[in-house]
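Below is one structure; the comments refer to it alone.
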Amino acid sequence: MDGPSARSGSDPGQPESQGRQSRPLRIGRELDELRARAYGPDADIEDDPAALARLIELEAARVAPLVEGHDTVTGAAAPVGTAPSTSFPIAGTAVGESLVTLEPSSATGRRTNEDSSRSLSLSLRANEARSRLPFVAALILVVGTLVYATARLVVPHPDATLQLDQTEPNSLVVGVLDNTGVSVDPDTLRQFQPYRDIGVFSIEHSDRPMTCLVVLDSAGSGRFDFDCAPHGVEVILHQWVGDGFADWLPEGSVVSFHLRDGTVEIFLHAPPAAS
């Protein structure tokens, strides 16, 4: 008849449950001893192929079930609240000989470092941009000044701008225009501020939708001239300097009168260069 040792495979004098509990302890002690021979200061496991094979077997048996939260070698359960680690053998090595463990917190740490690096980079770029603002503002001011100065040199500016004069207009203008055959409406005669001793006037044509600009130098040369243009068109009258007209300017200069927006602007042009 078979005895208890044939059924349990353990010592006859020990209960079956005690044998199951002591087996992981024995394996754990065996694994510790093999690890000491493999990784300790007096490592000699390379000279014992059987011990090395046993170490590899135990390490492989220990690593694989850890992903399920239970250590089948020592019989210990994984700590509550901890995520299982995933281990990968390095290519070209035996299982248990060299393992690379990637903890979930490692990836999180890398992401945190990358986010911190990006934040630092953005902060540095923002500080650099702010440091350039005074330089950019100064550059804009300099460019604006140059543009204004260039415009002053290139675009002609009026020597004077004449506003409407509130005094009674000189009615002599209407009589002179009538003598030239131009039909005008006397009620529309307007007088502007004088330019030196030159009188400047505007008046509406009575037969056509036109405005006429009149220049009268009654104190000097006695010159009288006019020109007309349709409504909405700037009226321009050019006068050559000479024969006592605008004698404060070099002879051959041109004085241009521009009637626009209820004012008369006067531009001076130098004599043409001798060929």
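Just so it is clear, the structure is predicted and the values come from calculations on it, not from any experiment. Excluded from the calculations below are hydrogen atoms, water molecules and symmetry mates; all remaining heavy atoms, backbone and side chain alike, are included.
Minimum heavy-atom separation, G252 to P272: O-CD, 3.7 Å. The minimum heavy-atom distance linking T161 with Q193 is given by the pair O-OE1, 4.0 Å. The two atoms that bring D225 and L237 nearest to each other are O-CD2, 3.8 Å, heavy atoms only. Residues L249 and V241 approach most closely at O-CG1, 3.7 Å, considering heavy atoms. Across all their heavy atoms, H238 and S256 have their closest contact at ND1-OG, 2.6 Å. When every heavy atom of E265 is checked against every heavy atom of P158, the shortest pair comes out as CB-CB, 4.0 Å.
With a 6.0 Å radius and a threshold of 12 heavy atoms from other residues, nucleotides or ligands, R208 has its CZ atom at or below the threshold. Around CD of E234, the count of heavy atoms belonging to other residues, nucleotides or ligands within 6.0 Å exceeds 12. Within 6.0 Å of CD in E46 there are 12 or fewer heavy atoms belonging to other residues, nucleotides or ligands. The number of heavy atoms from other shown groups lying within 6.0 Å of CG (D159) is above 12. Annotation for N179: atom CG counts as buried by contact number, over 12 foreign heavy atoms lying within 6.0 Å.
A side-chain donor-acceptor contact under 3.5 Å links Q191 to the backbone of N170. At distances below 3.5 Å, at least one donor-acceptor pair connects side-chain atoms of S206 with backbone N or O atoms of S183.
Note: R190 CZ to E204 CD = 7.0 Å, rounded to the nearest 0.5 Å. In this structure, L189 CG and E168 CD are separated by 8.5 Å, a value rounded to the nearest 0.5 Å. Distance CZ/R196 to CH2/W248: 5.0 Å, rounded to 0.5 Å. We find the CG-CZ distance between D44 and R37 to be 4.5 Å, quoted to the nearest 0.5 Å. Here CG of D243 is found 11.0 Å from CG of D217. Values are rounded to the nearest 0.5 Å.
Grouping the Ile, Leu, Val, Met, Phe, Trp and Tyr side chains by contacts below 4.5 angstrom, directly or via other members, places F267 apart from L213. Residue I198 is grouped with residue I266 when hydrophobic side chains (ILVMFWY) are merged at heavy-atom distances under 4.5 angstrom, including chains of intermediate members. Tracing side-chain contacts under 4.5 Å through hydrophobic residues (I, L, V, M, F, W, Y), one never reaches L164 starting from L216; they form parts of separate clusters. The hydrophobic cluster containing V214 also contains V182, counting ILVMFWY residues as joined when their side-chain heavy atoms lie under 4.5 angstrom apart, directly or transitively. Hydrophobic clustering (ILVMFWY, side-chain heavy atoms < 4.5 Å, transitive): F192 and I236 are in distinct clusters.
Residues Y195 and V264 are not in side-chain contact: their nearest non-hydrogen atoms beyond the backbone lie 4.5 Å or more apart. With a 4.5 Å cut-off on side-chain heavy atoms, T188 and I203 count as touching. Put simply, the side chain of L34 does not reach to within 4.5 Å of the side chain of L52, judged on heavy atoms. By the 4.5 Å heavy-atom criterion applied to side chains, L172 and V176 are counted as neighbours. Looking only at side-chain heavy atoms (C-beta outward), D227 and F257 stay at 4.5 Å or farther from each other. A heavy-atom distance below 4.5 Å is not found between the side chains of D165 and F201. Counting heavy atoms from C-beta on, the side chains of L31 and E59 come closer than 4.5 Å.
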Open item on the list: Evaluate L268 against V255 for side chain to side chain contact (heavy atoms under 4.5 Å, CB included), listing each step before the verdict.
Closed with: CA-CA 5 Å; L268 304 179; V255 182; 3.9 Å; yes

